[in-house]
Amino acid sequence: MTQTLPQGDQSLLASLKTIVGTHHVLTSEAETYRFRHGFRFGAGNVLAVVQPGSLVELWRVSQACAQAGKIIIMQAANTGLTGGSTPDGNDYDREIVLISTLRLTGIHLIGEGKQVVCLPGATLYELESKLAAIGREPHSVIGSSCIGASVLGGISNNSGGALVQRGPAYTEMAVFGQVGEDGVLRLVNHLGIQLGDDPEAILGKLEAGTFSDADINWDAGRGHDSNYISHIREVDADTPARYNADPGRWYEAAGCAGKLVVFAVRLDTFPANKNPSVFYIGTNSTDELEDLRRHVLTAFDELPIAGEYIHRDAFNIAEKYGKDTFAIIRKFGTAFLPKMFAMKSRFDIFTKKFGFLPENLSDRIMQALSVFIPTQLPKRMLDYRDKFEHHLMLKVSASLTAPMRAYLTEYFGRVSGDFFECTPDEGTRAFLHRFAAAGAAIRYRAVHHKEADDIVALDVALRRNDREWFEKLPKDIEDKIIVKLYYGHFLCHVMHQDYVVKKGYNAIAVEHSMLPGLDQRGARYPAEHNVGHLYQAPDDMLAHYRSLDPCNCFNPGIGQATKKKNWVAESV
């Protein structure tokens with residue numbers, strides 16, 4: 001392949017192979033396929049996928065690409081839903097080198113585990129497991145972690161999550177590489193840890209963890225959004241609680257969206273909740289759930305751990321099209337899922353070689369086999385599915401269990417809904433079912449490919465005072481949709497809304513027709529998956545990206561901005 005490339009590209013590839021080894025520079029279509037294609041959206045060509053095995057290798061690879069004038073796309077687990085870590089088409093003005101950080105695993109506990117330093121390939125699952133051994137938890141504990149999402153990916157995109165008290169992923173402490181207007185890559189150490197002055201020495205010491213408590217500045221900055229716990233209680237505020245385009249949560253690596261090479265972030269951890277309780281709530285009245293939300297957020301000294309909503313239709317789709325994922329997690333744990341998705345991707349790549357085989361064959365096989373898996377959901381949940389349209393799961397600490405039980409007993413004694421207190425196993429299954437809904441639309445679309453065109457996936461931050469939180473679509477939009485899946489982080493008023501669009505209608509056009517209605521409601525979107533290539537970034541967000549990356553050499557085109565070098569405006 002390299003014989004047909006320009007001499008400069010051949011020289012760059014040779015340099016990259018010298019840095020990381022020949023086996024970790026991928027150039028063929030088959031080798032690069034799973035990196036070039038997003039989990040749900042996004043695809044394009046690359047000059048190479050490079051897999052550095054150390055922070056020093058990552059530094060040298062980034063330097064070589066910057067000096068060669070190439071586009072750099074940083075990618076961790078590739079679990080994003082808006083295409084923010086993959087190419088978007090093939091209309092770039094420079095070649096792309098995609099740098100995969102999956103080999104750069106590493107987590108250092110500092111301050112007896114009260115904080116952590118995470119390297120680029122560290123996953124949420126690995127962090128959760130490491131902290132569990134010392135009775136602590138990370139910012140996020142389940143959801144994205146089920147499919148191997150990285151810690152740095154969450155920070156880079158101000159990802160949200162289910163935990164009510166902790167807010168979006170955020171830190172003010174990081175080590176990162178930044179390319180200036182002169183095209184030179186420079187290392188910035190704002191980690192609050194003394195590591196020296198030479199970039200390679202800094203990165204080597206950082207990766208090895210050979211620094212002492214005396215090197216750590218404990219007042220270097222915030223390791224999470226400590227203001228969120230009071231922010232979410234402001235239920236009469238006319239603005240959303242959290243969304244990606246909130247300038248108050250951008251700080252260097254936090255919210256950089258791949259516009260920097262982030263080598264490490266430093267984050268707070270939290271005491272693990274021992275013996276939590278889960279209350280399962282059902283109702284046919286959206287007003288009842290909203291009244292409950294407002295009371296729970298304002299009347300208790302302590303907030304719940306999580307409050308997750310799922311609509312009956314999403315419940316049913318997840319039960320049928322997410323059953324195998326649910327069963328695999330219960331049997332093997334979340335650690336197995338990244339391996340499963342990698343095997344699935346390799347199988348899809350292989351089957352593409354045979355034109356007579358149908359699209360999405362792996363999904364169709366897995367769905368066919370899932371009919372032999374026994375029902376995974378408890379009878380009480382299934383009974384509530386039959387009885388109620390709207391479902392809410394409240395997870396609370398041991399100390400909040402009795403007060404919450406008393407409130408729910410009193411409240412549902414005078415309204416039409418009902419609740420039950422889950423056994424530990426029921427609580428685990430309830431939350432796992434809720435998160436299985438996130439991939440159910442993808443499976444549904446793959447199986448029903450003859451009727452379905454594509455998926456519109458919106459994550460929407462509603463106003464904190466919005467009582468009309470449940471969406472009612474106009475008939476002309478409703479008629480273009482096969483199924484709708486509504487689920488979300490209800491106490492934060494963040495809703496995930498997935499729509500499977502009928503064949504014959506353009507999913508992007510359908511999505512754009514929905515956005516004016518959300519604008520009229522004062523909603524903001526995306527709430528936690530970031531703009532990627534799906535959404536148009538507002539002007540202040542684009543200004544933020546330009547300040548981080550003045551040459552537009554990192555991840556150009558996100559937020560539907562220009563892909564041109566130095567942010568040159570597109571021709572009209």
Side-chain angles (χ1 to χ4, degrees), residues 160 162 164 232 235-243 279-297 304 306-319 381 384-394 408 411-412 415-419 430 433-435 437-438 440-441 455-501 510-511 513-528:
V164 178
I232 190 61
V235 296
D236 292 317
D238 198 37
T239 56
R242 54 180 169 92
Y243 54 96
F279 295 97
Y280 198 94
I281 295 161
T283 180
N284 291 311
S285 168
T286 57
D287 284 338
E288 288 180 8
L289 280 193
E290 182 58 22
D291 288 340
L292 183 150
R293 185 186 80 90
R294 295 172 68 87
H295 182 88
V296 165
L297 289 176
E308 292 295 294
Y309 167 82
I310 186 168
H311 184 265
R312 176 192 281 154
D313 292 345
F315 185 114
N316 291 334
I317 294 292
E319 182 193 13
M381 282 179 60
Y384 265 47
R385 180 269 313 275
D386 296 336
K387 188 175 181 181
F388 298 116
E389 181 180 2
H390 306 285
H391 299 239
L392 178 66
M393 291 144 274
L394 280 182
L408 294 176
Y411 181 65
F412 286 107
V415 298
S416 63
D418 205 351
F419 82 100
H433 180 62
R434 151 63 187 89
F435 290 111
I455 298 168
V456 172
L458 296 175
D459 57 303
V460 180
L462 304 175
R463 302 187 328 270
R464 283 169 282 174
N465 66 351
D466 190 353
R467 292 197 61 90
E468 303 298 324
W469 57 270
F470 190 70
E471 182 178 65
K472 297 178 178 62
L473 288 173
K475 188 177 185 302
D476 64 317
I477 298 178
E478 188 85 45
D479 289 344
K480 299 173 184 175
I481 296 169
I482 302 174
V483 293
K484 300 174 294 185
L485 283 72
Y486 294 117
Y487 52 95
H489 315 307
F490 187 67
L491 297 185
C492 298
H493 253 197
V494 168
M495 299 297 295
H496 295 282
Q497 303 176 177
D498 295 343
Y499 314 85
V500 181
V501 178
V510 171
E511 177 183 357
S513 70
M514 294 174 173
L515 302 184
L518 293 174
D519 294 336
Q520 290 171 10
R521 296 172 62 190
R524 298 297 297 265
Y525 47 86
E528 56 186 20

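Small disclaimer: the values here were computed from a predicted structure and weren't measured.
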Quiz item: Which atom names give the shortest non-hydrogen contact between S416 and S285, and what distance separates them?
Solution: OG-CB, 4.5 Å
Practice problem: Any chance you could measure D418, atom CG, to L408, atom CG, to the nearest 0.5 Å? | Solution: 10.0 Å
Exercise. Side-chain contact test, heavy atoms from C-beta onward, threshold under 4.5 Å: evaluate it for L473 versus I481 and give yes or no.
Key: yes
Quiz item: Side chains of R463 and T239: donor-acceptor distance under 3.5 Å anywhere?
Solution: no
Quiz item: Do side-chain atoms of Q497 reach the backbone of V460 as a donor and acceptor pair under 3.5 angstrom?
Solution: no
Quiz prompt | Pairing residues for H493 by the side-chain hydrogen bond (donor to acceptor under 3.5 Å, both in side chains) criterion, not counting sequence neighbours | solution = E290, R293
Quiz item: Would a 4.5 Å heavy-atom cut-off, applied to side chains only, mark V501 and V456 as touching?
Solution: yes
Quiz prompt | Check: L485 main-chain N/O paired with D313 side-chain donor or acceptor under 3.5 Å | solution = no
Practice problem: Apply side chain to side chain donor-acceptor pair (under 3.5 Å) to E319 and H433, showing your working. | Solution: CA-CA 7 Å; E319 182 193 13; H433 180 62; over 6 Å; no
Quiz item: What are the two closest non-hydrogen atoms of S513 and P516, and how far apart are they?
Solution: O-CD, 3.6 Å
Quiz item: Is it the case that Y486 and D498 place a side-chain donor and acceptor less than 3.5 Å from each other?
Solution: no
Quiz item: With side chains defined as the heavy atoms from C-beta onward, is the minimum distance between L292 and Y411 less than 4.5 Å?
Solution: yes
Quiz item: Quick one: does I317's side chain get under 4.5 Å of Y487's, heavy atoms only?
Solution: no
Quiz item: What heavy-atom pair brings A440 and A318 nearest, and what distance separates the two atoms?
Solution: CB-CA, 3.9 Å
Quiz item: Is a side-chain N or O of E308 found less than 3.5 angstrom from the main chain of F490, in a donor-acceptor match?
Solution: no
Self-check item: Criterion side-chain contact (heavy atoms from CB on, under 4.5 Å) against L491, the qualifying member of I232, L394, V235
Solution: L394
Quiz item: Between H391 and Y384, is any pair of side-chain heavy atoms under 4.5 Å apart?
Solution: yes
Practice problem: Please answer whether the main-chain N or O of P526 pairs with a side-chain N or O of D459 as donor and acceptor at a distance below 3.5 Å. | Solution: no
Exercise. Give a yes or no on whether the ring-centroid distance for H390 and F470 is below 6.0 angstrom.
Key: yes
Quiz item: Are any of the side-chain heavy atoms of I281 and F412 separated by less than 4.5 Å?
Solution: yes
Quiz item: Side chains of N465 and D236: do they bring a donor and an acceptor to under 3.5 Å?
Solution: no
Quiz prompt | R434 versus Y309, closest heavy-atom pair with distance | solution = CD-O, 3.7 Å
Quiz item: Could you go step by step and tell me if M393 and I310 meet the side chain to side chain contact (heavy atoms under 4.5 Å, CB included) rule?
Solution: CA-CA 9 Å; M393 291 144 274; I310 186 168; 3.8 Å; yes
Quiz item: Can you name the closest pair of heavy atoms from P304 and V164 and give their distance?
Solution: O-CB, 3.6 Å
Exercise. Determine, step by step, whether E468 and R521 satisfy the salt bridge (charged side-chain N to carboxylate O under 4.0 Å, His left out) criterion, reporting the C-alpha distance in whole Å, the side-chain angles of both residues, the deciding distance to 0.1 Å, and the verdict.
Key: CA-CA 9 Å; E468 303 298 324; R521 296 172 62 190; over 6 Å; no
Exercise. Could you grab the distance from atom CD1 of I477 to atom NZ of K472, nearest 0.5 Å is fine?
Key: 14.5 Å
Self-check item: Heavy-atom closest contact (C492 atom, A241 atom, distance)
Solution: O-CB, 3.9 Å
Quiz item: How about L458 and E471: do any of their side-chain heavy atoms sit closer than 4.5 Å?
Solution: no
Exercise. Could you label the plane-to-plane angle of the H496 and H489 rings as parallel, tilted or perpendicular, counting under 30° as parallel and over 60° as perpendicular?
Key: perpendicular
Self-check item: CA sep, side-chain torsions, deciding dist, call: D291, R467, salt bridge (charged side-chain N to carboxylate O under 4.0 Å, His left out)
Solution: CA-CA 9 Å; D291 288 340; R467 292 197 61 90; 2.6 Å; yes
Quiz item: How long is the span from the CG atom in D386 to the CE atom in M381, to the nearest 0.5 Å?
Solution: 12.0 Å
Quiz prompt | Short side-chain donor-acceptor distance under 3.5 Å, D519 and Y525 | solution = yes
Quiz item: Short question: side chain of W469, backbone of L289 - any donor-acceptor pair under 3.5 Å?
Solution: no
